[in-house]
Each structure stands twice: as structure tokens, then as C-alpha cells.
A.B. asks: 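Structure below; questions to follow.
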2 protein chains.
Amino acid sequence: MADLVYQRIIKDLTRRIFAGEFAAEMKLPDERHLSTEYQVSRSSIKRALALLANDGIVFKKRGSGTFINPLYLENQSLFNYEGSNLGITDNLQMAGKKPGIKLLEFAVIPATKTLQRDLFLQSGEFVYQIKRLRLLDDQPFMIEESFIPIKVVPELNQEIAGHSIFNYLQATKKQAVTKSFLTIGAAPATAEDQKLLQLKANEPVGTMAGIFFLDDGTPIEYSFMRMHYQYLKFNSFVAIEP
Amino acid sequence: MADLVYQRIIKDLTRRIFAGEFAAEMKLPDERHLSTEYQVSRSSIKRALALLANDGIVFKKRGSGTFINPLYLENQSLFNYEGSNLGITDNLQMAGKKPGIKLLEFAVIPATKTLQRDLFLQSGEFVYQIKRLRLLDDQPFMIEESFIPIKVVPELNQEIAGHSIFNYLQATKKQAVTKSFLTIGAAPATAEDQKLLQLKANEPVGTMAGIFFLDDGTPIEYSFMRMHYQYLKFNSFVAIEP
DNA sequence: TTAGTTAATTGGGTCGTACCAATTAAAAAA
DNA sequence: TTTTTTAATTGGTACGACCCAATTAACTAA
């Protein structure tokens, strides 16, 4: 993973940032200095910094320097899309917790109108309906209901659904889920939410609904997630062109 | 705008894509061909294509080519972020509702340690503390507490704070807010939330905390927002590198 | 024909140079 | 001292060279 120069730089700079090495000035050394320090070209440094800036970890001011985004230090996102997959399982491992999955339901149903549109299916096609409870260190935190077209993984079964489906796809078909379109929201907890997520009466759930795509643009899954509100920390860096 | 090479390429390629020039194969010419065609270096072509891929307009497959994302042609609005400003007011106008602002508090306070760090202020600098209730069609939906450095807009007063500050900045200083770093979450409603937002006992609030930046990277505002949960709908297109 | 191998195609990564543009620091002038 | 001018600093853009890696097309052998 870190065999590429710019990825190595990103990894190390991120580590140093979170270790507080630049906390005094909240500013990174200039590009030319980093270039000689890491013994790589300035181009590679620029590439690494550009990606860090794109994630909102740092931001650059021409003529002034590259500065650390202080908010990023505070809120290390639960859904910190690093690595090679967008799946929940993978990202939570990075948070240092042990992810778990409890399969609640597993069925095959005809795709509804909405699913046909969202997953680009023809009328009459079928999808898996998979309801799972996600755990962190054996503590439930999210209810996930997923719909996956049968034609994508005809061999899917309860055994596979008990683990990370994205990991299975990547292992067997070498197809990584690299894009997603999500809608984040909040809602009062239902009775089921309260029971499964161990919520008190007035505690809400965070919701995430969205489509996941393979690298080639194929929509592969529609998911609706309800999670313990304390676990919904979604960081977003938005930049629009002037 | 289009005086830069890669921006010129992006603009022209986008035009050609939507004109259907490549609709037959849904594939762009290879990078080396584009390089000679546009009489620019392959590096610039790569840069342009990388940005197009980043927006989900095309996707690249090593060894195969650069392909047009059919989803983008079919449902452009899904991926597009329109507008020239990030402010709440502006975006909600698009939803067709009439935005309103009720000023709750307006004060000048010394920047706290956290604010000093988040807004890159020196010790001893002052900020406006502005608490506002946001309305849509005269219906309250969000409590917003903002902190803006005095030095950015020394002339700010209660009159101005009663309207969109971002619009004021753009109108008077020609400085648009083009970047933001937000953390989205959910929380149970406090007594104040319930009163101001007319929430029932078990109904939660959505929270958004973040920094807003000018185009040049200057942090201009730290905001903490608590909104009626039905109004928290945050769309996010995430793509990671394979 | 089929299966396996090789070559060509195509995007990816790295390096280094050159110059530009915005900011800041230093120096000079008022 | 204050203001203005100049120089140094720092990120931005562009170019082109070189090689790598994944895919596809062409070729070869069974």
C-alpha cells in the first residue's frame, strides 16, 4: 500500500500531524524543504499535499504556506475513507475497534420501482434483501439494510452475508467499491432501534442512505443505515469552483 | 477562468462529452492522442482527466482507456453541486423556500483557545458571537451560533447580522466563501432546542459544526448548528483512489 | 480451433526543470 | 517613526522525460 512515494509521504505526514509535531505553528514545512527532507521530488510532495488538502486535512495558501486544518485533529471521523474500500467494516478497523456483524434477515425479493431506478435494474430483476446488525467490540451500533442485485453476486449466501460483502467482492472478483453517493440525516429512534442499539427513550439515530458503486461505475448496492447517534460523525470537506 | 491549460481542456472536453461526440464508444481518445490534438503536454491532459474523474464525469481504467460515466449523462443533478456560495441561505433558496433570520444574540468576545486555533487567531483577538434562528417560510428550523473574527468584517453590526453575512461579504468585498469543513452528527434535543425548533420530546436535532473558508483559504467563520432533524439532508459523493 | 505467449496500447508514477503569482519579510525612502 | 519599495519565500502551473503496470490485441503453438 505504501509502496508509492506520494502515499508514503501522505502516511508519514498524517502520522506526524496527528502526533502533534506541527501543532505549534499549525503549519507544515514548505514544499522544497519537505522535498529534500524526504529525498523525493517536489512534484511528489505537491501530489501528496494536494491529496491531503482534498481531504480537508490541510489547506494551502500560496505565498504563505501549508496549514493544518484544526478541526480535523478534533474529529477523527468514524467514516474516514482511507484504504481501498468504502465498506463499513474496513473503515472501522482503522479506528482500532473490532468490527462484527450479526445477520438479522436474508431474503430474495423482486426489485421495487425505487430500487430499479437506484440500481439501474430492469423490471422483473431480483435483489438480495440483507438486514444486518453492525457491532464494534461486540457493542451494537448500526442497523444496516442492504439491497444487492442478484446478477452481481449470484452465489451470495447467508454465510457470506455474515461478513463483509465488499471484502468478498474484492477477494473473489477483484472489484473494489470505490465510489458512493450518500444522504446523511437524523431521526427519532423506533422501538426496534431502541432495542437493537440499546438507546434511551429520547436518544435518536443517525441515518445514512446511499448507493455504492464499483470502480467502473456499476451500482452494486443500495443501503439504508440507522446508527447510534454518537457514532454518526461524518466529516465533509466541500469546495466549489469560483 | 479558462486561461489555464488544464481548465481549458476540462471545459472543452466537457463540452464535447455533452455534445455527444464520444457517445458511440463512451470513451475518450487516449491521453497521448489528446496531448498532440490539444498541443499540450500529457501531464496537463492527465491533470484535466484526473479532475474530471474526481467529479465523476469520467472514469479511467489503466490499460483500457478513459470512459464516460453514463450515470452522469443520465442524472446530472445527482452529482452536481451548483451555485457560487456555500451559505445556508443561498442553498435553501434553491429549495424554493423563503429563508428568514431572527437574531438572538450579538456580542463581541475574546476568542477562546479553540477559536484561536480553528480560525487562526492570535491570543487577544476578538470575535463576533452571533446566535441566530434560521427560518424557512417563517418556520424555525435551525439554531446557528457563529464566530467571526472582528478583523475580517470590522463594520459588522446587528443590522447586517440579521441577513446573510456571506452575501454581504461577497457584495462588499468580492470574497466568496468557497470551502467548508463540516462535521455532521445527531444529538438529542435540549430544552432550548425543543422550544426554539418546536420539537416534540423524543425528536432529535441534526448537528453541523465547521469552518468556512474564503477562496484563498482564509478561515472566516466557525459555526455550530443545531437543526430540526427533518431538515438535515446532507448529500455526499465520495470517491477513493483504487 | 483453442490455448498460451508475446507485443502493442493505455493509464500511472516519479523525477527534474523552468517560470509564474501571491504573500511575507527585509530594506530603503519619506 | 512611518510608508514605500524591493527582495526572498512559498505554493501554482506547465513541460517533458523515463519507466512501470494493467489491459487488450496480435501472434504462435498445440
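Just so we're on the same page: letters track the sequence lines, and every chain starts at 1. As a basis for the values below, the full set of heavy atoms in this structure was taken, side chains included, without hydrogen atoms, waters or symmetry mates.
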A.B. asks: Mind calculating the distance between CZ (R8(A)) and C1' (dC15(C)) to the nearest angstrom?
C.D. replies: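 From R8(A) CZ to dC15(C) C1': 14 Å.
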A.B. asks: Minimum heavy-atom separation for F22(A) to P29(A), with atom names?
C.D. replies: CE2-CD, 3.7 Å
A.B. asks: Heavy atoms only: give me the nearest I148(A)-E221(A) pair and the separation to one decimal.
C.D. replies: CD1-OE1, 3.7 Å
A.B. asks: Take L49(A) and L13(A), measure what side chain to side chain contact (heavy atoms under 4.5 Å, CB included) needs, and give me the verdict at the end.
C.D. replies: CA-CA 9 Å; L49(A) 292 180; L13(A) 279 180; 3.9 Å; yes
A.B. asks: Mark up nucleotides 10-19 of chain D, 5' to 3', with B wherever a protein heavy atom is under 4.0 angstrom from a base atom, S wherever such an atom reaches only the sugar-phosphate, and - elsewhere.
C.D. replies: BBBBSBB---
A.B. asks: Under a 3.5 Å distance rule, please check whether R47(A) uses its side chain to pair with a backbone N or O of Q7(A) as donor and acceptor.
C.D. replies: no
A.B. asks: For L34(A) and dT14(C), give me the distance from atom CG to atom C1', rounded to whole Å.
C.D. replies: 17 Å
A.B. asks: Please name the pair of heavy atoms, one in Y128(A) and one in V108(A), separated by the smallest distance, quoted to 0.1 Å.
C.D. replies: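 In this case the closest contact between Y128(A) and V108(A) is CD2-CG2, 3.8 Å.
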A.B. asks: Round to the nearest Å and state the distance from F67(A) atom CZ to dT9(D) atom P.
C.D. replies: 16 Å
A.B. asks: Donor-acceptor pair, E144(B) side chain versus R132(B) backbone, under 3.5 Å?
C.D. replies: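 Looks like no, no N/O pair under 3.5 Å.
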A.B. asks: CZ of F59(B) versus P of dT23(D): gap in Å, rounded?
C.D. replies: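 Atom-to-atom, F59(B) to dT23(D), this comes out as 14 Å.
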